[in-house]
Amino acid sequence: MHEADLLRSFGIDPAVLDPAPPWTPCGSAAIERLRGRFPCLGCDAPSTVADTVTAAGLGRRWVDLCMPCLIAATPRSGAQAPLEDTLGVLRDAAREVGVALTVVTDGA
Ligand SMILES: [Zn+2]
């Protein structure tokens, strides 16, 4: 996810984020950050991810998130297979394991 999109998805002004140090090998600064038990920017739960963004004019800033908020903010894009291809995979899998499969669609 583009950093600006990440911040926008949480409605966060990068100016309010804590300054982060320069990149460190093996993420040692991030590990240390996690020990601080900072609240998730999305929901205030204890963060489990210490990421950074580089904000124009502000430099690197910490982005503390919990895993559910990180997953919620992660775009699920990419090439999608046509529905018939997906259904074909499901039918093949059901046939292979001997399970009856009925696909119900809304006609859309
Ligand atoms: Zn959260």
Side-chain angles (χ1 to χ4, degrees):
M1 170 180 280
H2 188 273
E3 293 175 341
D5 294 338
L6 175 67
L7 296 178
R8 194 173 15 259
S9 69
F10 290 106
I12 296 170
D13 177 353
V16 303
L17 300 175
D18 291 341
W23 178 88
T24 57
C26 303
S28 57
I31 292 169
E32 189 61 36
R33 177 75 178 180
L34 287 173
R35 289 188 180 121
R37 307 292 292 166
F38 291 90
C40 170
L41 294 171
C43 70
D44 288 333
S47 64
T48 54
V49 176
D51 200 359
T52 61
V53 296
T54 301
L58 298 170
R60 285 169 51 96
R61 299 289 172 138
W62 287 116
V63 176
D64 306 298
L65 296 171
C66 69
M67 191 55 70
C69 285
L70 177 66
I71 292 169
T74 302
R76 290 161 189 80
S77 60
Q80 294 187 357
L83 178 59
E84 279 308 313
D85 292 353
T86 302
L87 293 177
V89 170
L90 288 172
R91 288 184 182 108
D92 290 346
R95 190 176 314 112
E96 186 175 318
V97 297
V99 173
L101 175 70
T102 302
V103 177
V104 179
T105 67
D106 60 5

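Indexing begins at 1, ligand by ligand and atom by atom, following the structure's order. Each residue takes its place number in the sequence, starting with 1.
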Determine, step by step, whether Arg91 and Glu96 satisfy the salt bridge (Lys or Arg N to Asp or Glu O under 4.0 Å) criterion, reporting the C-alpha distance in whole Å, the side-chain angles of both residues, the deciding distance to 0.1 Å, and the verdict. CA-CA 8 Å; Arg91 288 184 182 108; Glu96 186 175 318; over 6 Å; no
May I ask you to determine how many protein N/O/S atoms are under 2.8 Å from the Zn ion (ligand 1)? 4
Would you please name every residue forming a side chain to side chain contact (heavy atoms under 4.5 Å, CB included) with Thr54, sequence neighbours left out? Glu3, Arg60
Heavy-atom side-chain proximity of Val16 to Arg61 below 4.5 angstrom: no
Are side-chain heavy atoms of Leu65 and Phe10 found at a separation under 4.5 Å? yes
Taking Ser47 for its side chain and Pro39 for its backbone only, find out whether a donor-acceptor pair lies under 3.5 Å. no
Would you say the side chain of Leu7 lies within less than 4.5 Å of the side chain of Leu17, judging by non-hydrogen atoms? yes
